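In what follows, a structure is listed as C-alpha cells, so that the remarks can point back to it.
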Amino acid sequence: MPELPEVEVVRRGLAQHVVGRTITTARLTGVRVARRHDAGPDDLSARLEGSVVEAADRRGKYLWLAVRRPGADAHALVVHLGMSGQLLVQEPAAPREKHLHATFEFADAGPQLRFVDQRTFGGVYLAALVPDPYAAGTGASEHPHGVPESVRHIAPDPLEAAYDLGAVSRRMRARQSAVKRAMLDQALVSGIGNIYADEALWRAGVHPERLCAALTKPTLGRVLHHAADVMREALDRGGTSFDALYVDVNGASGYFARSLDTYGQTGRPCGRCGTPIRRAAFMNRSSHFCPRCQPRPRIRRA
DNA sequence: CGTTCATCCTGAGAGC
DNA sequence: TGCTCTCAGGATGAAC
C-alpha cells in the first residue's frame, strides 16, 4: 500500500498486533525480498531470532519495527511496500498467499506477520538506528528510537511534528522543476505519491507541470496544505484501495477511492466545473487533472 | 543542478 | 481462446 495514508494504516495495525511480541523465526523466501540487506537473507533471519518488537514507526512511505535482542542495541527491521507490498497478520494455519516472501513467527505461537508482494518492488532489511536528522531539538522526539540509517535522506512527512511547511515551500521555490516532480521528491517532503499529488494539485487548481519557481509562495503553501489535508482525509477512511492489493494487516480495504476527484477519473466530469478530467504522461507515469481548473503553464519547457 | 529513461516484477484489461 | 500491448499506489541509478 504505497502512499502515506496506506502505510500509516499498516503501521497502526503493527502497533496493535505485533509490538511487544518476541520473534522466534524469520523465514525469507528467495533472495530478492531481502536484496537491500547487504549480508543476505540468512544473516537477516539469524539476527532477528529472539528479538523483541519495541515499536512500529514510520516516516513517509518507509515503515520499520524497532527490534532488540536482550542486552543489545535496538535495530530497525525496515519494510518498504513498494507498489504492491502487504504486511498481513495471519494465523499460523492460514493458507499461504501466492506471493508470500517473508514469514515472522512469534514466541507466543500467535498470529504470524507475513510479507506478501506481487511485484516484489518492496522488501525488508535490517538497519542501524541513528538520531533523527530532522529532530526539532526540543522536547520528546516522535521517533524515540531514532530513524534507520537508510532513511536518513527521507524528509519528514506532512503529518509529523518535524514537518516545516514554510521551509519546504522555500526549498521548492528554489527549484527549476515541475511542481509535481518536487512533490514526489521524498528528500524534500515524504509520503506523497502519484495519487495524492494529483489530488492536492486539483484542489489547489495548479497544473502538475507548472514550474515551482513560477509559483508564488502562497500558492505553493496551498498545494502543500492540500496534500496534507487529502492524506489526512484518506487516512480517516482507511486509505485508498482499488483492488485486493491494498489492504490493512487484517486484509481489509480502505474507502477513499470513492472520494478521489482526479486520480483515475479520466474522462469523468470535474467536480468543480464539469470539464472532463484529462490524463497525461509525466515522469514515466500518469498525471490526472482538470484542463480548465488547472491551466497548463504558458511557457512550455524545452 | 536538472531531466529522461530503463529496470526491477506480476497481473489485469483492452483490442485484435 | 490466445496473442500483444499498455498500464499500475515506487525507488534507484545511469546517461545526458
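The model shown is predicted, which means the values in this text are computed figures rather than measured ones. Reminder, nothing fancy here: chain letters follow the sequence lines and each chain counts from 1.
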Atom pairs, N/O to N/O, protein against nucleotides 13-16 of chain C, distance under 3.5 Å?
none

When you measure from the side-chain N and O atoms of Ser177(A) to the phosphate of dT3(B), is any distance below 4.0 Å, counting only OP1 and OP2? yes
Expressed as a whole number of angstroms, how long is the span from Leu188(A):CG to dC1(B):C1'? 14 Å
May I ask you to decide if the ring planes of Phe115(A) and His101(A) are parallel, tilted or perpendicular, using 30° and 60° as cut-offs? tilted
Please give the distance between the P atoms of dC5(B) and dC7(C) as a whole number of Å. 14 Å
By the definition side chain to side chain contact (heavy atoms under 4.5 Å, CB included), identify the one residue from Met172(A), Arg170(A), Met183(A), Arg171(A) that meets it with Leu220(A). Met172(A)
OP1 or OP2 of dG11(B) sitting under 4.0 Å from any side-chain N/O of His99(A)? yes
Rounded distance (Å) that lies between atom C1' of dT12(C) and atom NE2 of His80(A): 11 Å
Atom CG of Asp243(A) and atom P of dG11(B) are separated, to the nearest Å, by 13 Å
Under a 3.5 Å cut-off on both pairing distances, which runs of 3 or more consecutive Watson-Crick or G-U pairs involve DNA chain C? B:2-8 with C:10-16, B:10-16 with C:2-8
Indicate, with a heavy-atom threshold strictly under 4.0 Å, whether Phe256(A) touches base, sugar-phosphate, or nothing. nothing
For Tyr196(A) and Thr240(A), which I'm curious about, is there any donor-acceptor pair between the side chains at under 3.5 Å? yes
Phosphate oxygens OP1/OP2 of dT10(B): is one of them under 4.0 Å from a side-chain N or O of Lys98(A)? no
Arg272(A), CZ atom: more than 12 neighbouring heavy atoms under 6.0 Å: yes
Using the closest heavy atom to pick a nucleotide of DNA chain B for each, name whichever of Gln176(A) or Arg35(A) lands nearer the 5' end. Gln176(A)
Could you tell me if Glu199(A) and Thr262(A) have a donor-acceptor pair between their side chains, going purely by distance under 3.5 Å? yes
Given atom CD1 of Ile192(A) and atom P of dA11(C), what is their separation to the nearest angstrom? 12 Å
Is the ring centre of Phe242(A) less than 6.0 Å from the ring centre of Tyr263(A)? yes
Atom CE of Met172(A) and atom C1' of dC1(B): how far apart are they, to the nearest Å? 17 Å
Between atom CG in Leu245(A) and atom P in dA12(B), what is the gap in whole Å? 9 Å
Above 12 or not: heavy atoms from other molecules or residues under 6.0 Å from CZ of Arg278(A)? no
So, do Phe121(A) and dC9(B) meet the stacking rule of ring centres under 5.5 Å and planes under 30°? no
With Val10(A), which of Leu88(A), Asp248(A), Leu63(A) fulfils side chain to side chain contact (heavy atoms under 4.5 Å, CB included)? Leu63(A)
Would you say the side-chain atoms of Ser84(A) and Arg119(A) include a donor-acceptor pair closer than 3.5 Å? no
Heavy atoms only, 4.0 Å cut-off, all strands: where does Tyr196(A) land among base, sugar-phosphate and nothing? nothing
Check this for me, if you would: do Lys61(A) and Asp157(A) make a salt bridge, where the nitrogen-to-carboxylate-oxygen distance has to be below 4.0 angstrom? no
Flag for Ser141(A)-Asp132(A): side-chain donor and acceptor within less than 3.5 Å: no
Need one value for Asp117(A): base, sugar-phosphate or nothing, where a base atom within 4.0 Å counts as base even if backbone is also close, heavy atoms only. nothing
Rounded to the nearest Å, what distance is computed from the CG atom of residue Leu184(A) to the P atom of nucleotide dT4(B)? 13 Å
Donor on one side chain, acceptor on other, Gln118(A) and Gln86(A), under 3.5 Å: no
Counting only side-chain heavy atoms from C-beta out, which of dG2(B), dC8(B), dT4(B) sits nearest to Arg175(A)? dG2(B)
Examine the side chains of His288(A) and Gln265(A) and answer whether a donor and an acceptor come within less than 3.5 Å of each other. no
Please tabulate the protein-to-nucleotide N/O contacts below 3.5 Å involving nucleotides 4-8 of chain C, giving atom names and distances.
{"unit_1": "dC7(C)", "atom_1": "OP1", "unit_2": "Arg279(A)", "atom_2": "NH2", "d": "3.3"}
{"unit_1": "dA8(C)", "atom_1": "OP1", "unit_2": "Ser286(A)", "atom_2": "OG", "d": "2.7"}
{"unit_1": "dA8(C)", "atom_1": "OP2", "unit_2": "Ser286(A)", "atom_2": "OG", "d": "3.3"}
{"unit_1": "dA8(C)", "atom_1": "O3'", "unit_2": "Tyr263(A)", "atom_2": "OH", "d": "3.1"}
{"unit_1": "dA8(C)", "atom_1": "N3", "unit_2": "Arg119(A)", "atom_2": "NH1", "d": "3.3"}

Given atom CZ of Arg171(A) and atom C1' of dC1(B), what is their separation to the nearest angstrom? 13 Å
